[in-house]
Amino acid sequence: MNIHEYQAKELLRSYGVPVPAGNVAFSDAQAYSIAEELGGDRWVVKAQIHAGGRGKAGGVKVARSLDEVRKIADEMIGMTLVTHQTGPRGRVVKRVLIEEASDIVDEFYLGFVIDRASQRITIVASAEGGVEIEEVAKRNPQAIIKETIDPAIGLADFQCRKVAAAMGLRDKERMTQLVRIMKRIYRCFRDKDALQAEINPLAQVDGGKLICLDAKFNFDTNALYRHPDVNELRDLDEEDPKEVEASGHGLNYIALDGDIGCIVNGAGLAMATMDAITLHGGRPANFLDVGGGASPEKVTNACRIVMEDPNVKALLVNIFAGINRCDWIATGLIQAYQTLNIELPMVVRLAGTNVEEGRKILEESGLPFVQAANLDDAAAKAVATVKGESA
Ligand code: GDP
Ligand code: MN
C-alpha cells in the first residue's frame with residue numbers, strides 16, 4: 001500500500017527525520033493560509049499523487065508570493081498529471097503539499113527495500129540523487145551502493161558510514177547527520193512493516209544540513225492489521241477501483257494490460273494460467289484468485305469485475321476444484337452469463353471434484369462456452385479466440 005508524500009513526511013518527522021516544514025491543502029484558499037502560516041518568501045507547491053516523476057511533469061513548482069501559491073495550487077488541484085509512472089491516463093490531483101522552499105546544494109538518493117535474495121532489508125544509495133535511480137543503474141551502475149542489514153544486529157554505524165563515504169559525505173558533521181537519518185528511517189521502516197522507502201532527493205541545503213525533500217513509502221498490505229495508524233493513511237482514490245472492489249468481495253485481483261480476462265482459483269494456478277497465456281503468445285488482462293469455496297455469487301462478481309476492464313476481449317476460466325465442486329462453478333458461470341449478459345467468448349477449463357457433472361451442465365446450457373481439456377488447451381483456445389477477433 002502506497003501513501004502520499006506529505007503522509008510519508010509526517011511519519012518521518014515523528015521519527016525525528018528532518019523534512020521541510022509544510023502541510024497538505026485541498027483547496028487554493030487552504031494552500032494560501034498554509035503558506036502564510038509557514039512564513040518566508042518562497043514555497044514549493046507539490047501535487048500529491050501516488051506516482052513519482054512529478055517534477056518533470058509540472059507537479060512541483062516554486063512560488064515567490066502568497067498569491068502565486070494560491071494561483072499554482074488552483075491550477076494544480078483538479079488537473080490530470082501524466083508522469084512516466086502514471087501511465088498515459090495520468091492521475092487527477094486532489095491535494096497539494098505546501099512547503100517552505102529549500103536551497104539545494106547537492107542531491108542524493110537513499111532507499112530501503114526488502115531484498116528478496118537475502119530476505120533482508122537492504123539500503124540502496126547513491127551520490128546521484130534527484131534523478132531516477134533506474135537511469136543511474138543503467139548508465140552508471142557503480143554509482144550505486146547496496147548495504148544489507150542483519151536483522152539480529154540491526155543497522156550498524158559502520159554500515160552508515162560506508163554509505164556516507166560512497167555518497168561523498170566524508171566530513172564528520174555530514175556523516176553524523178546521515179548516520180542519524182539512516183538509523184531513524186530504518187527504525188520506522190522496520191516498526192511499520194514497510195516494503196519500500198525512497199528518499200529522492202535527500203538534499204544537502206544551504207548551511208550544510210541534510211533534509212528529505214521527497215519521500216515515498218510502500219507498506220506490506222498483509223501486515224496492515226497490526227498498524228491501524230498506517231491503514232488510516234490509505235487513499236482509495238489512488239488505487240485501481242476494480243482492485244478495491246474485488247478485495248471487498250474477498251477476491252484477489254490485480255489489473256494488468258493484456259486482453260484475456262482470467263478467473264482462476266488459487267494464486268499458484270492463476271500465475272500458471274498467466275504463464276500459459278504468455279507462452280501461447282497472448283497477454284493476460286489481470287491476475288485473479290477467486291479463492292477456495294468460490295460460490296456462484298463470487299464467480300459472478302469475479303466475471304463482472306474482470307469485464308469492467310474495456311480491454312478484455314475473452315474470458316478464461318480455470319478452476320481446479322478440490323474443496324470446490326465443478327457443478328457449483330458451472331452453475332455460477334451460467335448465472336453470471338445470464339445476469340451480466342456476457343457477450344465475450346468464454347473458455348472454461350474445469351478439473352477436480354464433480355468435473356463430469358460440471359462439464360455436462362455447461363454443455364446442456366446452450367450457452368457458447370468453449371470447453372478446454374487442460375490448462376495448455378485452455379490457454380491456446382483463449383489466445384486463438386482473441387487473435388481471431390483482432391485479425
Ligand atoms: P518527483 O519528481 O515526483 O520525484 O518529485 P520531487 O519531490 O523529487 O521533486 C522533484 C525535484 O524538484 C527535486 O528533485 C528537486 O530538484 C526539486 N525540488 C523539490 N523541492 C524543492 C525545494 O524546496 N527547493 C528547490 N530548489 N527544489 C526543490
Ligand atoms: Mn523524487
Side-chain angles (χ1 to χ4, degrees), residues 2-13 17-25 31 34-35 37-66 68-69 72-73 75-77 79-87 90-113 124-137 139 143-144 167 181 185 194 196-218 235 238:
N2 290 311
I3 60 173
H4 287 292
E5 175 195 6
Y6 77 92
Q7 296 167 322
K9 283 177 168 168
E10 276 167 25
L11 184 63
L12 288 172
R13 193 181 284 125
V17 179
V19 294
N23 215 335
V24 67
I34 289 168
E37 248 174 66
L38 287 171
D41 57 3
R42 278 192 316 132
W43 302 267
V44 189
V45 183
K46 307 183 78 174
Q48 299 296 290
I49 54 169
H50 284 188
R54 296 163 302 166
K56 278 186 207 148
V60 178
K61 289 195 168 148
V62 177
R64 289 167 203 286
S65 70
L66 292 174
E68 205 183 348
V69 170
I72 295 170
E75 285 163 3
M76 253 183 216
I77 296 172
M79 84 183 274
T80 301
L81 196 59
V82 181
T83 81
H84 66 92
Q85 286 187 11
T86 59
R91 295 273 175 86
V92 177
V93 179
K94 298 192 172 143
R95 7 182 148 183
V96 291
L97 169 62
I98 312 299
E99 271 183 354
E100 59 182 16
S102 308
D103 291 317
I104 304 173
V105 175
D106 207 351
E107 295 182 303
F108 308 96
Y109 179 94
L110 177 61
F112 289 73
V113 290
V124 179
S126 177
E128 293 193 32
V131 291
E132 277 169 68
I133 196 71
E134 291 84 359
E135 281 303 311
V136 181
R139 190 169 31 78
I144 297 174
M167 280 182 174
I181 289 173
I185 297 175
Q196 195 182 2
E198 188 178 64
I199 312 299
N200 188 23
L202 168 71
Q204 181 177 333
V205 296
D206 216 10
K209 196 179 165 209
L210 292 177
I211 185 164
C212 301
L213 279 196
D214 190 11
K216 200 186 232 178
F217 262 88
N218 183 268
D235 180 0
E238 291 284 328

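What you see is a predicted model; the values in this text were computed from it and never measured. Each residue takes its place number in the sequence, starting with 1. We count ligands from 1, going down the list as the structure has it; atoms in each ligand are counted the same way.
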Can you find a pair of side-chain heavy atoms, one from [X] and one from [Y], that are under 4.5 Å apart?
{"X": "K56", "Y": "H84", "result": "no"}
{"X": "D103", "Y": "R42", "result": "yes"}
{"X": "K9", "Y": "P20", "result": "yes"}
{"X": "I34", "Y": "W43", "result": "no"}
{"X": "I181", "Y": "P18", "result": "yes"}
{"X": "V105", "Y": "V205", "result": "no"}

* With a 3.5 Å cut-off and no angle check, do the side chains of D235 and H50 form a donor-acceptor pair? -> no

* Structure fact -> Nearest heavy atom to atom 28 (C) of ligand 1, choosing from I49, V44, L81, I104, belongs to I104

* **Nearest option to atom 3 (O) of ligand 1, as decided by whichever heavy atom of K216, E5, E99, R54 sits closest** => R54

Could an N or O of ligand 1 be found under 3.5 Å from any N or O of [X], whether backbone or side chain?
{"X": "G55", "result": "yes"}
{"X": "K46", "result": "yes"}
{"X": "R42", "result": "no"}
{"X": "S102", "result": "yes"}
{"X": "G53", "result": "yes"}
{"X": "D214", "result": "yes"}

* To do: Write out the residue and atom name of the closest protein heavy atom to atom 20 (N) of ligand 1, then the distance separating them to 0.1 Å.
  => L213 CD1, 3.9 Å

* Of all the non-hydrogen atoms in the protein, which one sits nearest to atom 13 (C) of ligand 1, and at what distance? -> E107 OE2, 3.7 Å

* To do: Output all residues satisfying side-chain hydrogen bond (donor to acceptor under 3.5 Å, both in side chains) with K46, sequence neighbours left out; order by chain, then residue number.
  => E5

Relative to the heavy atoms of [X], which atoms of ligand 1 are at a distance of less than 4.0 Å?
{"X": "G52", "answer": "3 (O)"}
{"X": "V60", "answer": "5 (O), 9 (O), 12 (O)"}
{"X": "N200", "answer": "8 (O)"}
{"X": "A101", "answer": "23 (O)"}

So does [Y] get a backbone contact from the side chain of [X], meaning a donor-acceptor N/O pair under 3.5 Å?
{"X": "Q85", "Y": "G52", "value": "yes"}
{"X": "R54", "Y": "A47", "value": "yes"}
{"X": "Q7", "Y": "H4", "value": "yes"}
{"X": "N200", "Y": "G130", "value": "yes"}

* To do: Could you please spell out the steps behind the side-chain contact (heavy atoms from CB on, under 4.5 Å) verdict for Y109 and E198?
  => CA-CA 8 Å; Y109 179 94; E198 188 178 64; 2.5 Å; yes

* Structure fact -> Within a distance under 2.8 Å of the Mn ion (ligand 2), the protein atoms of type N, O or S are N200 O, D214 OD2

* Asked: Can you find a protein heavy atom under 4.0 Å from atom 15 (C) of ligand 1?
  -> yes

